[in-house]
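Predicted model only: the values in this text are computed from it and were never measured. In this chain, numbering begins with 1 at the start of the sequence shown.
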Amino acid sequence: MGKVVFLYRSLAYRNAAADILRKARRLPRGAERNAARRYARALRDLARTEAWLEGRVAREPRMARRVTSAASG
């Protein structure tokens, strides 16, 4: 039962992030568009964090990989 609840919650976060990104693309450039994009990114990251906490994904967040590769090169 726990896996089903996790799946629905994770999919809900990802779908909400996709919907917000679609709406943000229609907005003119500016503060409102940037805020919508940040909100969508936060929802996507939340879905990934929950997946990691549940033991489903063993990847690092994008920023950590980018910083690590930039520091080594």
Side-chain angles (χ1 to χ4, degrees):
M1 183 66 173
K3 292 180 182 179
V4 173
V5 171
F6 162 77
L7 179 65
Y8 284 131
R9 190 172 49 220
S10 180
L11 287 176
Y13 290 143
R14 291 169 194 233
N15 286 335
D19 288 341
I20 293 170
L21 272 178
R22 274 188 229 107
K23 290 175 185 175
R25 287 184 188 121
R26 289 186 221 134
L27 294 172
R29 290 182 180 168
E32 189 176 351
R33 179 180 180 170
N34 291 340
R37 293 179 71 207
R38 279 193 305 268
Y39 185 58
R41 194 175 310 123
L43 284 173
R44 186 191 65 204
D45 290 344
L46 180 61
R48 286 183 182 167
T49 301
E50 277 209 15
W52 180 80
L53 288 172
E54 290 285 329
R56 306 290 195 276
V57 176
R59 292 189 212 163
E60 295 177 0
R62 282 188 180 177
M63 288 300 289
R65 281 187 288 181
R66 195 175 303 144
V67 170
T68 304
S69 63
S72 65

(request) Inspect the surroundings of CZ in R33 and state if more than 12 heavy atoms from other residues, nucleotides or ligands are less than 6.0 Å away. (result) yes
Using atom types as modelled, flag every donor-acceptor pair under 3.5 Å from a side chain in residues 17-30 to any protein atom, sequence neighbours excluded.
unit_1 : atom_1 : unit_2 : atom_2 : d
D19    : OD1    : R22    : NH1    : 2.5

(request) Quick one: closest heavy-atom pair of Y13 and L46, and the distance? (result) CZ-CD2, 3.5 Å
